[in-house]
Amino acid sequence: MAVTADIGLIGLGTMGSALALNIAENAAPIAVWNRTTARTHAFHAEAADLAPRITPCDTLEALVAAIRPPRAIILMVPAGQAVDDQLAALTPYLAADDLVIDAGNANFHDTNRRARAGLSFHFLGMGVSGGEEGARHGPAIMGGGEKADWDRVAPILTAIAAKHETEACADWMGPEGAGHFVKAVHNGIEYADMQMIAEVYGMMRDGFGLPAPAIGTTFERWNNGVLQSYLIEISAAVAAATDPLTGAAMLDVILDKAGQKGTGRWTAIEAQHLAAPIPVIEAAVAARNVSARLDERKAGEAVYGPAPERLPAGMLSEADLEAALTAGKILCYAQGFTMTAAAGPAFGWNLQLPAIARVWRAGCIIRSAMLDDMAQALTEDPARNLMLAPLFTAHLKRSLPALRRVVSAAALHGHAMPALSAGLAWFDAMRTACGTANMIQAQRDFFGAHGFERLDGADRPHGPWAMA
Ligand code: NDP
C-alpha cells in the first residue's frame with residue numbers, strides 16, 4: 001500500500017472524527033482506522049472536500065503502511081483497557097522510532113505506567129480539551145512524554161490547536177503523564193466553574209424567583225465583564241433555550257442529576273495524595289455525587305420540608321452574585337494552580353504554571369478572559385499563590401464582601417452552595433495567621449503522644465496530660 005499520510009488516527013468516535021477532520025483541513029494528510037469498519041467508511045464518505053486528504057483503512061496493518069515513517073498515530077478511544085489493547089494490537093506493526101499518542105482522557109497514573117512500560121515504540125500522553133467543537137476547530141492540547149517526541153509532532157498539533165491571538169494553545173507540559181495530569185486539573189477546575197455557575201443560577205431561580213430566560217440575560221450581561229468565559233456564554237445560551245416538546249424553558253425540563261466520567265474525581269483524589277487543598281473542586285465533585293442521590297433528596301425534603309426559600313426583597317442583588325462568582329473563580333483557580341505546583345516536585349516534573357495558563361486561554365472548556373491575567377500573574381511569580389498576586393488581590397478585596405453576603409444568605413435560607421462556601425472558608429483559612437490547628441495538635445498529643453511545636457520554641461514536646 002502506498003504511503004499517503006503524514007499521521008494516523010485510531011478511533012472515529014465523537015472526538016476522533018472531529019480531530020481527524022481538523023488535521024486533514026489544517027495540518028496534514030491523515031490515515032484513519034476504526035474498530036467498526038463501517039464507521040471508517042461512513043466517516044470518509046461524510047468528509048466531503050476533505051476526503052482526498054483522508055485515507056480510510058480497514059486493518060491496522062494498512063493504517064501503519066499508509067503513514068510516512070517515522071510514524072505518528074493518535075489514539076482517540078475510551079481511557080483504560082481500550083488504550084492498553086490498542087497499544088498491544090499495534091505493537092507487531094510498529095518500528096522502534098514510531099510514535100503513538102494517547103489523546104483520550106487517560107488517568108495520568110496509567111500514562112506514567114505506559115511511559116515506563118518499555119513499549120517497543122515511542123509514546124506520548126496528550127490531554128485534549130474543547131469537546132467536539134474544539135476538536136474540530138481548535139482544541140487546547142496538553143502534551144506529556146519525551147520532549148523530542150513532542151517536538152516531532154508539534155507542527156501538526158500547533159496547526160490544529162486553538163489560537164489565543166496568534167499563539168497556539170498547545171504545549172509540552174513535561175515527561176510521562178504530565179499532559180494528562182494537567183488535563184485532569186483542567187477538568188477539576190471545569191467541574192468547579194460549572195458548579196459555582198449552577199449555584200448562582202439556583203439563587204436567581206429560587207432565591208430571586210427569576211425565570212430561566214431572565215437568568216440567561218443576566219449571564220449574557222456577565223459575559224461582557226470580568227466573568228467573560230465559554231462556560232458563562234453557554235450558560236446564557238442554555239438558560240435562554242426553549243424545549244421544542246413543551247415550549248417550557250429547556251432548563252426547567254432537565255432532571256437535576258449530574259453525570260460524570262470521573263476526571264474531576266481523579267483530581268480530588270490526587271489532591272489528597274499531594275496534600276494540596278482544592279476544597280472548591282472537591283465540593284464540586286461531591287455536589288455531582290449528591291445530585292445523583294435523587295431518592296434520598298426527595299426523602300429529605302419530605303422530612304424537613306422544602307428548601308430553598310425565596311430571599312427577602314433587597315437581601316442580595318445580581319451584582320452580589322456576579323462578584324461572588326468572580327471571587328469563587330479566582331479562589332478555585334488559585335487552588336488548582338497550587339495543586340499543580342505541588343505535583344511538579346512529587347512526580348519529578350518541572351511543570352510550568354504560566355505555560356499551563358497560556359494553553360487554557362483558548363480552545364478548552366475553561367477558557368476565559370481571566371486566564372490571560374492569570375498567565376501574566378504566574379509569569380511574574382510562578383511560586384506565588386494567585387490569591388496573593390496584586391492583579392487578583394484587588395479583585396478579591398472588591399468581591400469578597402459580596403461572596404460573604406451570598407454565602408450567608410444561602411445558609412440562612414436553605415440554598416446549597418457547597419463550592420462557593422468552600423471557596424470562602426478556604427480564603428478565610430488562608431488569610432488567618434493564627435488558626436485553630438493548635439487544638440488538633442493538642443488532641444493528637446493527648447490520645448497519641450504525637451507531640452507538637454510550641455509558639456515560644458521551648459523544648460517541651462508533650463502536654464501535661466502525658467505526664468500522669
Ligand atoms: P466515543 O464513544 O464517541 O468514541 C469512542 C471511539 O473509540 C469509537 O471510535 C469506538 O469505536 C472506539 N473504541 C471504543 N472501544 C474501543 C476498543 N476497546 N478498542 C478500540 N476502539 C474502541 O468517545 P469520544 O470520542 O467522546 O471519546 C474518546 C476519548 O476522548 C475518551 O478517552 C474521552 O474521555 C476523550 N475525550 C472526550 C471528550 C468529549 O467531549 N467527548 C473531550 C476530551 C476528551 P467503535 O466505532 O468501534 O465503537
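Remember, it's 1-based here, ligands and their atoms both numbered in the order they're listed. Quick caveat: nothing in here was measured; it's all calculated off a predicted structure. Residue numbers count from 1 along this sequence.
- Atom OG1 of T263 and atom CG of N105 lie 5.5 Å apart (nearest 0.5 Å).
- With sequence neighbours excluded, the residues satisfying side-chain contact (heavy atoms from CB on, under 4.5 Å) with A42 are R39, E46.
- The backbone N or O of R358 sits less than 3.5 Å from a side-chain atom of R361, completing a donor-acceptor pair.
- For ligand 1, residues of the protein lying within 4.0 angstrom by heavy-atom distance are G11, L12, G13, T14, M15, N34, R35, T36, M76, V77, P78, A79, A82, Q86, G104, N105, V128, G131, K183.
- In this view, D98 and R71 satisfy the salt bridge (Lys or Arg N to Asp or Glu O under 4.0 Å) rule, not counting sequence neighbours.
- For the salt bridge (charged side-chain N to carboxylate O under 4.0 Å, His left out) condition, the pairs that include at least one residue of residues 319-334, sequence neighbours left out, are D193-K329, D320-R405.
- Figure legend: cation-pi geometry between R114 and F123 absent, as NZ or CZ is not positioned both under 6.0 Å from the six-membered ring centre and within 45° of its axis.
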